[in-house]
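Would you mind keeping the following structure in view while I ask a few things?
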Amino acid sequence: MTIEMREGYEGTGPGAITPDGCAVELYTRLPVGDEPDIIASAVPAGAHILELGSGVGRMTHALLERGFTVTAVDESAEMLERVRGARTICGAIETLDLDEKFDVVMLASFLVHAGDVEVRRGMLDVCRSHVANGGCVLIQREGENYHSDLPRERVDPSGFTVRMLSAEPVGDGVNSVRAEYVFPDAVWTQTFLARPLTQEQFEEALAEAGLKVDRYLTEDRVWVRAVPAEA
């Protein structure tokens, strides 16, 4: 099956590659970090979470284990085939319309930094339109030095290396970012477009969608709990 890549996105390596350059097999190998604990500490026990951009379910499965109900959304059917125990919906996040409300809407994986402003606006509008009264939106931002101090690498305790190779400006405040994942038996690369956002720019984007910061959940301000602006 020929898959339509998003413009400016590319991926290499074994197995299926999604429209934004992610490798399905790579994501089945990546460990989940402390994100599920951060999420669990910020939302009510047993909440129903709409997870936008679930991928293969790394966080989905960890959240299910913690007693949450999860509806997992991704534009890649190959990714969603790996998700177990959650309702799955295949489609583009920025145009999602489920006519449902959720206790928690989650936009992780730095998706708020989409290079295309209209895609970002669509994603945040989807967050706002699907969150229940009294609910919250959890967003993962890039760290402050994500696009600087490159190249850099991190060796994971489980035995693979992540290298952020470059972030080259391509105009209109957008960078083309190139990452490499090196395992003993395979190498994957991903090239994607990302728009760095200062804290002020991020909060302005939220306000445009009718959202506001409730609190930053981590010291580095990467994880954010937002709520409807009129709440």
Side-chain angles (χ1 to χ4, degrees), residues 1-11 15-28 30 32 35-36 39 43 47-64 68-132 135-142 174 177 188 190-195 205-206 208-211 224 226 228:
M1 182 180 73
T2 304
I3 192 159
E4 187 73 29
M5 297 297 293
R6 288 181 181 252
E7 188 175 349
Y9 294 74
E10 182 186 7
I17 304 291
T18 69
D20 60 356
C22 293
V24 175
E25 185 182 336
L26 167 63
Y27 277 82
T28 64
L30 294 180
V32 65
E35 288 96 342
I39 294 159
V43 303
H48 190 171
I49 299 173
L50 176 63
E51 184 186 5
L52 302 175
S54 66
V56 297
R58 282 188 309 145
M59 282 208 272
T60 316
H61 298 142
L63 292 169
L64 291 170
F68 297 104
T69 301
V70 182
T71 294
V73 179
D74 203 276
E75 68 179 358
S76 166
E78 291 96 338
M79 286 281 198
L80 290 175
E81 283 172 6
R82 311 296 181 101
V83 176
R84 298 287 179 265
R87 169 192 180 197
T88 59
I89 295 171
C90 187
I93 295 167
E94 64 269 24
T95 56
L96 187 72
D97 184 7
L98 299 182
D99 196 26
E100 294 177 53
K101 303 285 187 181
F102 297 81
D103 305 319
V104 180
V105 181
M106 187 167 73
L107 188 69
S109 302
F110 312 128
L111 290 173
V112 74
H113 293 274
D116 186 329
V117 170
E118 291 307 312
V119 170
R120 182 191 73 206
R121 284 182 177 140
M123 288 179 174
L124 289 174
D125 286 344
V126 165
C127 289
R128 176 65 187 89
S129 64
H130 287 80
V131 67
C136 67
V137 178
L138 301 184
I139 300 171
Q140 184 184 25
R141 303 170 61 226
E142 293 174 346
V174 177
V177 182
W188 285 274
Q190 183 185 11
T191 302
F192 57 95
L193 300 180
R195 180 182 296 276
L206 289 187
E208 190 180 57
L211 296 166
V224 188

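Treat the numbers as computed from the prediction; the structure is a model and nothing was measured. Side chains included, hydrogens not; waters and symmetry mates left out as well; all remaining heavy atoms used.
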For Arg195, does its backbone N or O pair with a side-chain atom of His113 as donor and acceptor, under 3.5 Å?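 Yes.
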
Taking the side chain from Glu51 and the backbone from Thr71, do they hold a donor-acceptor pair closer than 3.5 Å?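 No, Glu51 side chain to Thr71 backbone: no donor-acceptor pair under 3.5 Å.
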
Check: Leu193 and Tyr9 side chains under 4.5 Å, non-hydrogen atoms: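 Counting from C-beta outward, Tyr9 and Leu193 do come under 4.5 Å.
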
Derivation of the side chain to side chain contact (heavy atoms under 4.5 Å, CB included) call for Met123 and Leu107: CA-CA 8 Å; Met123 288 179 174; Leu107 188 69; 4.2 Å; yes

Closest contact, heavy atoms only, Trp188 versus Ala23: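 That would be CD1-CB, 3.2 Å.
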
Rounded to the nearest 0.5 Å, how far does CE of Met59 lie from OG of Ser109?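 These two atoms lie 5.5 Å from each other.
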
Worked verdict on Glu35 versus Gln140 for side chain to side chain contact (heavy atoms under 4.5 Å, CB included): CA-CA 9 Å; Glu35 288 96 342; Gln140 184 184 25; 4.0 Å; yes

Hey, could you give me the CD/CZ distance between Glu25 and Arg82, rounded to the nearest 0.5 Å?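 Atom-to-atom, Glu25:CD and Arg82:CZ are 7.0 Å apart.
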
With the side chain counted from C-beta on, respond yes when Asp116 and Arg120 share a heavy-atom pair under 4.5 Å apart, and no when they do not.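 No, side chains not in contact.
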
Just verifying a value: how many Å separate Thr60 OG1 and Leu80 CG, rounded to the nearest 0.5 Å?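 Separation between the atoms: 8.5 Å.
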
Would you check if Leu50 and Leu96 make a side-chain contact, meaning some heavy-atom pair closer than 4.5 Å?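 Answer yes - side chains close enough.
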
Grab the two heavy atoms, one from Val43 and one from Cys136, that are nearest each other, plus how far apart they are.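 Closest approach of Val43 to Cys136: CG1-SG, 3.8 Å.
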
Does Lys101 reach the main-chain N or O of Gly135 with its side chain, forming a donor-acceptor pair under 3.5 Å?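 Side chain of Lys101 to backbone of Gly135: no pair is present.
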
Less than 4.0 angstrom from a charged side-chain N to a carboxylate O is my criterion; do Arg6 and Glu75 meet it?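 Yes, Arg6 and Glu75 are salt-bridged.
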
Are the side chains of Val24 and Thr18 in contact, using a 4.5 Å heavy-atom criterion?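 A side-chain contact under 4.5 Å exists here.
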
Between Gly115 and Val174, which heavy-atom pair has the shortest distance, and what is it?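 That would be O-CG2, 3.5 Å.
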
Report yes or no: does Tyr27 contribute a side-chain atom to a donor-acceptor pair with the main-chain N or O of Gly55 at less than 3.5 Å?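 Not a single qualifying donor-acceptor pair exists.
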
What is the distance from atom CE of Met79 to atom OG1 of Thr88, rounded to the nearest 0.5 Å?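 Separation between the atoms: 14.0 Å.
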
Leu206 side, atom CG; Arg128 side, atom CZ - distance, nearest 0.5 Å: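 Going from the CG atom of Leu206 to the CZ atom of Arg128 covers 12.0 Å.
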
With side chain to side chain contact (heavy atoms under 4.5 Å, CB included) as the criterion, how do Val224 and Val112 come out once you've worked through the C-alpha distance, each side chain's angles and the decisive distance to 0.1 Å? CA-CA 11 Å; Val224 188; Val112 74; over 6 Å; no

Decide yes or no for Thr69 and Leu64: does some side-chain heavy atom of the first lie under 4.5 Å from some side-chain heavy atom of the second?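 They are not in side-chain contact.
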
Does Gln190 reach the main-chain N or O of Asp20 with its side chain, forming a donor-acceptor pair under 3.5 Å?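 Present.
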
How close do Leu63 and Met106 get, heavy atom to heavy atom, and via which atoms?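 So the two residues come closest at CD1-CE, 3.9 Å.
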
Go through the steps to decide whether Arg87 and Glu100 satisfy the test salt bridge (Lys or Arg N to Asp or Glu O under 4.0 Å), and finish with yes or no. CA-CA 14 Å; Arg87 169 192 180 197; Glu100 294 177 53; 2.7 Å; yes

Compute whether any side-chain donor of one residue and acceptor of the other, for Asp74 and Ser76, lie under 3.5 angstrom apart.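 Side chains of Asp74 and Ser76: no pair found under 3.5 Å.
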
Could you pull out the closest heavy-atom pair between Val83 and Ser54, with the gap in Å?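 Val83 and Ser54 have their closest heavy atoms at CG2-OG, 4.4 Å.
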
Determine whether a donor-acceptor pair (N or O, by modelled atom type, separation under 3.5 Å) exists between the side chain of His48 and the backbone of Val104.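 No; zero donor-acceptor contacts below 3.5 Å.
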
How about Leu52 and Cys127: do any of their side-chain heavy atoms sit closer than 4.5 Å?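 Yes, their side chains come closer than 4.5 Å.
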
Can you check whether Ile39 reaches Leu138 side chain to side chain, under 4.5 Å on heavy atoms?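 The answer is yes; the side chains approach within 4.5 Å.
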
Stepwise, does the side chain to side chain contact (heavy atoms under 4.5 Å, CB included) test hold for Val126 with Leu124? CA-CA 5 Å; Val126 165; Leu124 289 174; over 6 Å; no

Would you say that Ile17 contacts Cys22 through its side chain, given a criterion of any heavy-atom pair below 4.5 Å between the two side chains?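 Not in contact.
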
